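What follows is one structure encoded as structure tokens, with my remarks underneath.
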Amino acid sequence: MPSTSSSRAATLAPVQDGDALAAIDLGSNSFHMVLAQHMLGQLRVVDRLRETVRMADGLDGKGGLSEPARQRALDCLARFGQRLRGVPRLHVRALATNTVRQLRDPQAFLAPAEAVLGYPIEVVSGREEARLIYLGVAHAQPPKDGQLRLVIDIGGGSTEFIIGRGFEPVERESLQAGCIASTRRFFPNGRLSKKKWKDALTEISTEFQRFAGLYRALGWQEALGSSGTHKSIGEICAAMKLTKGAITAEALPQVRERLLQAESIDQIDLPGLSSDRRPIIAGGVLVLEAAFQALGLQKLLVSKAAMREGILYDMLGRGGVDDPRDASVDALTQRYGIDEAQAARAEATAMRLYEQVAGTWGLDDDDARMLGWAARVHELGLAIAHSQYHVHGAYVLEHSDIAGFSRQEQQVLAALVRTHRRGVPKSAFDALPDRLLLAAKRKAALLRLAVLLHRAHDSDEIPRLELAADGDRLQLVLERDWIGTRPLLRADLLMEKEGMPGLGIDFQPMVA
């Protein structure tokens with residue numbers, strides 16, 4: 001039986017020298033795209049595009065998105081798609097953040113957005129966004145060995161806080177307070193006043209309390225701010241001759257006082273402030289002042305990097321020996337006390353089945369990795385209860401923060417675990433976009449067979465295991481003498497003829 005590591009290694013497709021890679025960050029304020037070339041293990045940026053879209057301005061508070069904001073986003077993505085024409089699909093990652101997370105029906109936006117871009121768009125959680133931000137900053141400004149650093153990213157809809165060491169985050173938090181969201185929340189009519197500011201600062205500061213104590217106890221040797229908000233405030237500090245571009249505890253109140261000399265947002269007159277930042281700078285300064293107070297910050301340097309650079313570096317690890325998702329699945333295995341020997345048997349058999357039908361079914365390396373991870377964690381729910389353990393496991397996988405996985409990837413993983421045994425509910429795959437649906441159901445069929453073949457939890461080798469696919473028909477051939485000594489397995493295989501139709505598959509077990 002092949003080991004789990006060797007079965008995973010067979011699917012790896014690392015980036016080669018000369019390959020083009022692109023990262024797209026669909027932020028709440030701006031959309032960014034970075035196009036880079038991989039040369040001698042390094043990334044060389046060859047193009048950057050940025051457009052102010054202000055999607056967060058289009059949120060109506062009930063999960064809806066205004067038509068102007070939607071159209072601005074689609075028009076921008078169409079232009080990005082034109083620049084990316086010819087770049088392979090697996091070399092492009094487009095990630096959506098807080099505003100899309102807030103939508104009542106994300107697919108209503110994502111389906112046309114993917115159509116005009118020409119590439120899939122994934123949604124990431126706030127904590128995964130934080131991990132990628134830290135990765136980008138750490139590579140742009142390599143940290144000193146052993147030192148802790150704090151990274152803050154004030155976006156349009158949320159703010160991420162990360163403490164990390166080297167290239168790995170130690171703590172990650174995402175706060176629902178960004179420059180657009182906070183401007184709209186606390187100054188809805190555009191009017192400014194010292195009283196409004198004081199009340200808003202008190203309210204935001206209370207939201208910091210859930211993690212500020214832990215962060216201050218950990219400490220850090222260096223603090224960095226990424227994103228356009230920090231860059232703008234740093235430029236204001238320099239233009240006011242308060243600093244040379246850093247943001248300090250002494251300079252920030254002076255920026256705030258100068259800002260509040262205006263009675264309304266459209267009258268704000270800050271040196272060094274661009275016109276496109278004026279409508280949202282109040283919320284940005286407000287959030288940053290609250291962060292300085294809650295965390296006891298004295299000085300914040302401005303980083304040139306952000307999540308988009310982190311996405312690029314994350315792509316170098318994905319599908320290779322440094323894929324962060326492997327480490328996350330290993331952590332789940334340890335945390336929930338999963339029977340590793342049984343998981344390895346199921347994974348090895350799932351890979352044997354995959355290799356026989358991948359070409360016919362159009363499954364790729366990403367499908368193989370997802371199938372392998374699902375096999376490794378299919379018994380996760382046993383840590384909660386044996387009854388309905390597949391349901392418990394699916395819930396945990398869908399709703400946990402799992403480093404390296406996008407929201408859609410977690411939904412696929414959860415759907416595979418949910419459907420690996422018993423009946424397949426009609427709603428099991430409802431959360432998945434149409435582009436992932438067929439492959440997910442076919443992977444679910446392979447996982448069901450792999451788990452079923454190892455229901456006895458024994459280590460016996462399966463001497464003959466032949467699987468053939470023809471459209472939605474699936475035929476499994478096992479050795480007569482081997483299956484003849486396993487009456488329970490034989491009964492399970494016959495029962496599986498009734499389970500597979502829930503996946504849209506006509507299953508036929510045979511002996512020879």
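Please read these numbers as outputs of a predicted model, since none were measured by experiment.
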With ring centroids as reference points, do Y134 and F167 lie under 6.0 angstrom apart? no
Dump the intermediate steps for side-chain contact (heavy atoms from CB on, under 4.5 Å) on I247 and V255, then the final yes or no. CA-CA 10 Å; I247 305 168; V255 172; over 6 Å; no
Give me the atom names and distance for the closest heavy-atom approach of Y119 to V87. OH-O, 2.7 Å
Within the distance-only criterion (no hydrogens, no angle test), does the side chain of H38 pair as donor or acceptor with the backbone N or O of G18 below 3.5 angstrom? no
Less than 4.0 angstrom from a charged side-chain N to a carboxylate O is my criterion; do R277 and E235 meet it? no
Got R376 and H378 here, is their nearest side-chain heavy-atom distance under 4.5 Å? no
Closest heavy-atom pair, Q408 versus L436, reported as atoms and distance to 0.1 Å, is CB-CD1, 4.2 Å
When you compare the side chains of R345 and Q342, does any donor N or O come within less than 3.5 Å of an acceptor on the partner? yes
Closest approach of V412 to K443 (non-hydrogen atoms, all atoms of both residues): CG1-CE, 4.2 Å
Show your reasoning for whether salt bridge (charged side-chain N to carboxylate O under 4.0 Å, His left out) applies to K194 and E257. CA-CA 9 Å; K194 290 187 177 181; E257 289 302 312; 3.3 Å; yes
State the OG-CG distance between S30 and L26, to the nearest 0.5 angstrom. 11.0 Å
Can you tell whether the side chains of D25 and R50 come within less than 4.0 Å, N to carboxylate O? no
Apply the test side-chain contact (heavy atoms from CB on, under 4.5 Å) to residues E222 and K144: give CA-CA distance (whole Å), side-chain angles for both, the deciding distance (0.1 Å), then the verdict. CA-CA 10 Å; E222 180 181 46; K144 296 178 181 178; over 6 Å; no
Please determine whether a side-chain nitrogen of the Lys or Arg among D364 and R369 lies less than 4.0 Å from a carboxylate oxygen of the Asp or Glu. no
From L413 atom CG to Q410 atom CD, the distance as rounded to the nearest 0.5 Å: 7.5 Å
Heavy-atom closest pair, residues E340 and T333: CG-CG2, 3.5 Å
Looking at E289 and R256, is any side-chain nitrogen of the basic one under 4.0 Å from a carboxylate oxygen of the acidic one? yes
Examine distances only and state if a side-chain atom of Q147 and a backbone atom of P143 form a donor-acceptor pair shorter than 3.5 Å. no
My understanding is that only residues two or more places apart in sequence, or in another chain, count here; which of them pass side-chain hydrogen bond (donor to acceptor under 3.5 Å, both in side chains) with R48? E309
Out of curiosity, L397 CG to W373 CH2, how far, rounded to the nearest 0.5 Å? 12.5 Å
Below 4.5 Å, heavy atoms only, C-beta onward: do L192 and I268 meet side chain to side chain? yes
Would you say Q102 and Q176 are linked by a side-chain donor-acceptor pair, where the criterion is simply a distance under 3.5 Å? yes
What one should report as the nearest heavy-atom pair of A291 and L297 is O-CD1, 4.1 Å
Quick one: are Q37 and L21 in side-chain contact, heavy atoms under 4.5 Å? no
Just so I know, are the side chains of H139 and L312 near enough to count as touching, which here means a heavy-atom distance under 4.5 Å? no
Charged N to carboxylate O below 4.0 Å: is that the case for E51 and R72? no
Using modelled atom types and a 3.5 Å cut-off, is there a donor and acceptor pairing between side-chain atoms of R184 and backbone atoms of L59? yes
Are R318 and D323 close enough for a salt bridge, meaning some N to O gap below 4.0 Å? no
Taking only Lys NZ, Arg NE, NH1 and NH2, and the carboxylate oxygens of Asp or Glu, determine whether R325 and E409 approach each other closer than 4.0 Å. yes
Do side-chain atoms of Q221 reach the backbone of L148 as a donor and acceptor pair under 3.5 angstrom? yes
Can you find a pair of side-chain heavy atoms, one from F187 and one from W197, that are under 4.5 Å apart? yes
Any carboxylate oxygen within less than 4.0 angstrom of a Lys/Arg side-chain nitrogen, looking at E173 and R210? yes
Could you check if a side-chain atom of V451 sits within less than 4.5 angstrom of a side-chain atom of R421, using non-hydrogen atoms only? no
OH (Y395) with more than 12 external heavy atoms under 6.0 Å: no
Quick one: pull up CD1 in I162 and CG in L132 and give me the separation to the nearest 0.5 Å. 9.5 Å
Would you call R101-E128 a salt bridge at under 4.0 Å N-O? no
Does L288 reach the side chain of T229, with side-chain heavy atoms less than 4.5 Å apart? no
Roughly how far, to the nearest 0.5 Å, is OG of S406 from CD1 of I121? 12.0 Å
Classify the ring geometry of Y389 against H420: parallel below 30°, tilted from 30° to 60°, perpendicular beyond 60°. tilted
Evaluate side-chain contact (heavy atoms from CB on, under 4.5 Å) for L380 paired with V396, printing each intermediate quantity in order. CA-CA 8 Å; L380 182 150; V396 170; 3.8 Å; yes
Surrounding NZ of K196 (heavy atoms of other residues, nucleotides or ligands, distance under 6.0 Å), is the total greater than 12? yes
Are D365 and L90 side-chain neighbours, meaning at least one heavy-atom pair lies under 4.5 Å? no
What I want to check is whether the side chains of E160 and S158 have a donor and an acceptor closer together than 3.5 Å. yes
Yes or no on side-chain contact (heavy atoms from CB on, under 4.5 Å) for L65 and D60, after CA distance, side-chain angles and deciding distance? CA-CA 6 Å; L65 184 67; D60 63 8; over 6 Å; no
For Q254 and L242, indicate whether the former's side chain and the latter's backbone hold a donor-acceptor pair under 3.5 Å. no
Which atom of A440 lies closest to which atom of L416, heavy atoms considered: O-CD2, 3.4 Å
Counting only heavy atoms not in D145 (residues, nucleotides, ligands), do more than 12 fall under 6.0 Å from its CG? no
Using a 3.5 Å distance criterion without hydrogens, assess whether the side chain of T183 forms a donor-acceptor pair with backbone atoms of G283. yes
What about Y336 and H392, are their ring centers closer than 6.0 Å? no
From I154 atom CD1 to S182 atom OG, the distance as rounded to the nearest 0.5 Å: 8.5 Å
Applying salt bridge (charged side-chain N to carboxylate O under 4.0 Å, His left out) to R93 and E122, what does each step give before you reach the verdict? CA-CA 8 Å; R93 276 202 90 196; E122 301 169 89; 3.0 Å; yes
Looking at Q334 and D330, would you say the former's side chain and the latter's main chain have a donor-acceptor pair under 3.5 Å? no
With distance as the sole criterion, is a donor-acceptor pair present between the side chains of S226 and S303 under 3.5 Å? no
Give the intermediate values and the outcome of salt bridge (charged side-chain N to carboxylate O under 4.0 Å, His left out) for residues D401 and R172. CA-CA 10 Å; D401 285 318; R172 299 171 289 151; over 6 Å; no
E129 and N98 side chains, donor-acceptor separation under 3.5 Å: no
